[in-house]
Amino acid sequence: LLALVLLNRLKVMQITPYMWVGALLWIFVLKSGVHATLAGVALALAIPLRNPKEPDNSPLEYLEHELHTWVSFLILPVFAFANAGVPFAGMSIGDLFHAVPLGIMLGLVVGKLVGVYGFSIGAIKMGLAQMPEGATGKHLFGVAALCGIGFTMSLFIGSLAFEENGAGRMFDERLGIIIGSLLSGIAGYLVLRFVLPEEREKTPGAPSPSPSGQ
């Protein structure tokens, strides 16, 4: 960590030194017994966001762009398929109302909506942020509902929280995440599906929706 901070303070803009130190950090953290994903967080915090000599060349944004394809089409799908298996054999409707899946569903569907929408509106009202141009509170409400879609990180946190409690608890956790994410996605879609045409009708001269729906 000190080496990463030193590289940052010396304004090293090449990605390679950070990667070598980050690889060693990942190995050390893994062998220490602490979850190795923390090494990735620390590494990302150390990589410079801005290059003072080349304002348009951000090392962190460059790395994010280069990793995007690998993460989206390989790493996350493999993680999801490896962690989301839910055995539906013998499952009953009562399993949906177990405390664990029910609590996770409410956390995703209600908690995320209230938290994201409430804090966003609060920040706007206090002058700490501005509503995006052309957006309204209804748009923000629909996007906040979509924020309840939790998959990879929810599975990751759930596996850490319940891994000591046996496979039954893990089944409850995954069931709650999948159903909660589906409900959040449907709710967000329905809100935006009705709000966007409504706003378009109120705007004089607004273009009609394209055949693709965009």
- request: I would like to know whether Val191 and His139 meet side-chain contact (heavy atoms from CB on, under 4.5 Å); could you show each step before the answer?
  value: CA-CA 8 Å; Val191 171; His139 297 124; over 6 Å; no
- prompt: Below 4.5 Å, heavy atoms only, C-beta onward: do Ile47 and Met19 meet side chain to side chain?
  reply: yes
field: Common cluster, Tyr18/Met13, ILVMFWY with side-chain heavy-atom separation under 4.5 Å
entry: no
- prompt: Has Glu66 got more than 12 heavy atoms of other residues, nucleotides or ligands less than 6.0 Å from its CD?
  reply: yes
Considering all heavy atoms, the nearest Gly180-Val109 contact: O-CG2, 3.5 Å
message: To the closest 0.5 Å, what do you measure between CZ (Phe194) and CG (Leu190)?
response: 6.5 Å
- line: Smallest heavy-atom separation, Cys147 atom then Lys112 atom, equals O-NZ, 3.2 Å
- prompt: With the 4.5 Å side-chain cut-off for hydrophobic clustering, are Met126 and Met131 part of the same group?
  reply: no
query: Heavy atoms, side chains only, cut-off 4.5 Å: are Thr136 and Leu140 in contact?
result: no
query: For Ile124, does the CD1 atom sit with more than 12 other heavy atoms under 6.0 Å from it, leaving out its own atoms?
result: yes
- prompt: Quick one: side-chain hydrogen bond (donor to acceptor under 3.5 Å, both in side chains) partners of Asn57, sequence neighbours excluded?
  reply: Glu54
- request: Could you walk me through whether Ser181 and Leu108 pass side-chain contact (heavy atoms from CB on, under 4.5 Å), step by step?
  value: CA-CA 7 Å; Ser181 297; Leu108 293 175; 4.1 Å; yes
query: Looking at side-chain heavy atoms only, is the closest gap between Lys11 and Pro52 below 4.5 Å?
result: yes
side-chain hydrogen bond (donor to acceptor under 3.5 Å, both in side chains) partners of residues 24-35, not counting sequence neighbours, each pair once: His35-Thr37
- prompt: According to a 4.5 Å side-chain heavy-atom criterion applied to Ile, Leu, Val, Met, Phe, Trp and Tyr, with indirect links allowed, do Ile104 and Val116 form part of one hydrophobic cluster?
  reply: no
- line: Distance col, row Ile157:CD1 vs Ile177:CD1, nearest 0.5 angstrom, shows 9.5 Å
- prompt: Given the rule that I, L, V, M, F, W and Y join up when any side-chain heavy atoms are under 4.5 Å apart, are Trp20 and Leu7 in one cluster?
  reply: no
query: Any chance CG of Leu2 has more than 12 other-residue heavy atoms, nucleotides or ligands included, within less than 6.0 Å?
result: no
Shortest non-hydrogen contact from Pro59 toward Ile15: O-CD1, 3.6 Å
- line: Scanning both residues in full, the closest heavy-atom pair of Val21 with Ala3 reads CG1-CB, 4.0 Å
task: Apply side-chain contact (heavy atoms from CB on, under 4.5 Å) to Phe141 and Val195, showing your working.
output: CA-CA 10 Å; Phe141 188 86; Val195 167; over 6 Å; no
- request: Give the minimum heavy-atom separation between Val29 and Ala39, together with the two atoms involved.
  value: CG2-CB, 4.2 Å
- prompt: Should Leu43 and Leu45 be regarded as members of a common hydrophobic cluster, given that ILVMFWY residues are connected when their side-chain heavy atoms come within less than 4.5 Å of each other, either directly or indirectly?
  reply: no
- prompt: Is a side-chain N or O of Asn51 found less than 3.5 angstrom from the main chain of Ser58, in a donor-acceptor match?
  reply: no
task: Mind listing the closest non-hydrogen atom pair of Ser184 and Ile149 along with its distance?
output: CB-N, 3.8 Å
